Number of protein chains: 2
Amino acid sequence: MDLLEDLEKSPTSFIKDDIIIRSETALDRLYVLTKGWVIAEKMSHADSRPIVHVFLPGDIIGFSELPFQKTSYQARSRTSGIMCPFPSSRLSRLFVESPRLARLIFAAVTIERAEQEDRASQFCRNNAAAKLALFVLQTLDRLKLLNSNLRDQFQCPLTQQEIGDLVGLSSVHVSRTFSQMEANGLIQRHKSFLKVKDYDSLAEMSDYRNRYGSLNLDWVPAHP
Amino acid sequence: MDLLEDLEKSPTSFIKDDIIIRSETALDRLYVLTKGWVIAEKMSHADSRPIVHVFLPGDIIGFSELPFQKTSYQARSRTSGIMCPFPSSRLSRLFVESPRLARLIFAAVTIERAEQEDRASQFCRNNAAAKLALFVLQTLDRLKLLNSNLRDQFQCPLTQQEIGDLVGLSSVHVSRTFSQMEANGLIQRHKSFLKVKDYDSLAEMSDYRNRYGSLNLDWVPAHP
DNA sequence: CGAACACTTGATAAAAGTCAAACGACGTGG
DNA sequence: CCACGTCGTTTGACTTTTATCAAGTGTTCG
């Protein structure tokens with residue numbers, strides 16, 4: 001617990017549209033995101049700007065850039081929020097100081113990797129409604145992890161253009177598809193809020209499984 | 001070194017189309033794949049069968065299923081080959097016995113995660129040639145890691161149907177797009193061999209970066 | 001209150017999917 | 001060693017889905 005708190009000892013606040021990690025630079029630290037939404041976007045030459053990942057409160061920003069000399073994307077905040085930077089050497093020491101905590105972090109990264117696989121295999125299939133369904137359910141369940149009074153809706157600070165850049169659709173088609181899903185009683189929108197009206201149907205059409213619902217951490221023994 | 005060799009002490013051979021991991025079962029071990037190709041496919045109800053990942057020699061099969069109670073996909077061999085199973089508790093012990101090796105494995109998983117992000121963000125965009133270009137380059141560079149006499153071509157044991165299931169295209173469109181890429185001098189095919197004729201063009205059209213080309217493992221100190 | 005900015009709607013174009021048939025390679029068994 | 005059947009690939013015709021362009025309608029925020 002002390003070690004975990006140590007990672008969050010220097011909270012820094014940021015405003016909307018801050019650049020948190022610059023593209024093509026060396027990254028020598030990680031950030032615990034404690035409040036706010038941050039997106040990782042590729043600075044591609046084309047006008048489209050693929051969004052590689054959406055970071056939500058509780059996530060650690062920078063893992064996927066750690067083993068490389070230069071960052072491949074930039075991280076930009078979409079809301080104001082708070083993050084806690086710590087040097088990557090701190091993570092390295094953790095493997096010696098607490099093998100148990102290292103295993104937990106390893107498990108966390110592995111879970112995220114599984115979610116990433118879910119996205120890769122779903123988003124590459126051309127069904128706009130299924131893509132959006134997966135985005136909505138994954139985001140809702142991930143937000144619930146750190147915000148337990150969340151039930152069936154959340155505030156989404158991403159524009160439809162950005163959602164399209166994430167799942168691979170044009171903003172126009174995101175709009176149309178969301179409208180149709182709303183007409184079919186699957187979701188409901190109000191301002192920037194997204195409400196899940198029919199979780200089961202959304203889950204079935206996107207072949208979704210809640211990765212946090214049936215964990216097995218037997219191999220992370222309580223007392224090492 | 002002893003610890004690494006320990007993981008490969010019980011080599012098992014498999015034939016083509018063996019089921020290595022069954023879907024919806026508990027997984028208590030991992031497999032070092034030393035020879036052959038293995039695919040991870042979702043047993044979806046529909047006739048399409050999304051391919052979540054392709055394992056190549058040197059990969060460890062099962063990481064992404066480790067923290068869950070049940071596997072979400074099945075692993076099936078596409079060639080004959082050799083793998084070395086070891087219990088997941090072995091991985092757990094590794095975190096105590098060798099923090100340095102644990103960090104290296106952590107780094108390896110992180111690199112794979114970055115590649116997965118590359119796939120997710122590219123495959124979700126609707127450009128058949130770019131999808132296939134990314135698949136070809138990623139596969140070639142990954143194969144080169146353990147087979148250094150590989151230069152510009154490799155034997156691909158996947159059918160066009162399977163390649164389509166991986167990148168999200170119909171088999172018909174894979175055929176057409178490959179033919180066109182061949183006509184444009186980007187690749188060349190002969191039997192099941194795929195030859196890269198114009199690496200740079202393929203890399204540019206798919207926004208590819210070789211993840212193993214510019215690693216920074218400073219945070220994995222040589223002497224912990 | 002007004003000016004960005006985001007979203008919606010319609011018309012049209014491009015990309016990829018589907019169906020079906022033909023072709024080719026490959027392995028098996030006579 | 002050849003005939004045959006299976007499986008994978010190619011090709012053509014047509015359909016569906018999504019992208020693009022452009023104009024109009026909110027919405028938000030200084």
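In what follows, chains are A, B, ... by sequence order, proteins preceding strands, each numbered from 1. Quick caveat: nothing in here was measured; it's all calculated off a predicted structure.
- Per the geometry, NE2 belonging to A:H173 stands 18 Å off P belonging to C:dA13, to the nearest Å.
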Salt bridge (Lys or Arg N to Asp or Glu O under 4.0 Å) between B:D18 and B:R76, intermediate numbers included: CA-CA 6 Å; B:D18 260 3; B:R76 182 165 57 95; over 6 Å; no
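- In this structure, of D:dA19, C:dT8, C:dA6, it is C:dT8 that holds the atom nearest to the side chain of A:R189.
- For A:N126 and A:S179, each mapped to the nucleotide of DNA chain C holding its nearest heavy atom, the one lying further toward the 5' end belongs to A:S179.
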message: Please determine whether side-chain contact (heavy atoms from CB on, under 4.5 Å) holds for the pair A:L56 and A:W37, giving the CA-CA distance in whole Å, both sets of side-chain angles, and the decisive distance to 0.1 Å.
response: CA-CA 5 Å; A:L56 304 178; A:W37 287 42; 3.6 Å; yes
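- D:dT18 atom P lies 14 Å from atom CG of B:L169, rounded to whole Å.
- Residue contacts shown for B:G164 are absent, as no nucleic acid heavy atom lies under 4.0 Å away.
- The interatomic distance linking B:M205 (CE) with C:dA15 (C1') rounds to 14 Å, in whole Å.
- Looking at which nucleotide of DNA chain D each of B:Q160 and A:S171 is closest to, the 5′-most match is held by B:Q160.
- Nearest nucleotide to the B:T159 side chain, out of C:dC26, D:dG8, D:dA19: D:dG8.
- Note: CG (B:D165) to P (D:dG8) measures 12 Å, nearest angstrom.
- Heavy-atom nearest nucleotides on DNA chain D were determined for B:S175 and for A:R176, and the one closer to the 5' end corresponds to B:S175.
- In this structure, the nucleotide among D:dA19, C:dG17, D:dT28 sitting nearest to the side chain of B:S170 is C:dG17.
- Across all strands, A:V172 comes closer than 4.0 Å to base atoms (heavy-atom distances).
- Summarising the geometry, the separation between NZ on B:K131 and P on D:dT18 is reported as 11 Å, rounded to the nearest angstrom.
- Counting any heavy atom pair closer than 4.0 Å across all strands shown, B:R125 reaches no nucleic acid atom.
- To the nearest angstrom, P of C:dA6 lies 8 Å from CD of A:E162.
- Once rounded to the nearest 0.5 Å, the distance linking CD1 of A:I82 with OG1 of A:T34 reads 5.0 Å.
- One interatomic measurement links the two molecules: CG of A:D17 to C1' of C:dC5, which rounds to 12 Å at whole-angstrom precision.
- When the side-chain nitrogen and oxygen atoms of B:K191 are compared with OP1 and OP2 of C:dC26, one or more of them lie within a distance under 4.0 Å.
- Distance A:F178 CZ to C:dT9 P: 15 Å, rounded to the nearest Å.
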CA sep, side-chain torsions, deciding dist, call: A:F86, A:K9, side-chain contact (heavy atoms from CB on, under 4.5 Å): CA-CA 9 Å; A:F86 63 92; A:K9 71 182 173 192; over 6 Å; no
Side-chain atoms of residues 169-176 of chain B: list all donor-acceptor pairs with protein atoms under 3.5 Å, sequence neighbours left out, distances to 0.1 Å.
residue: B:S170; atom: OG; partner: B:H173; partner atom: N; Å: 3.2

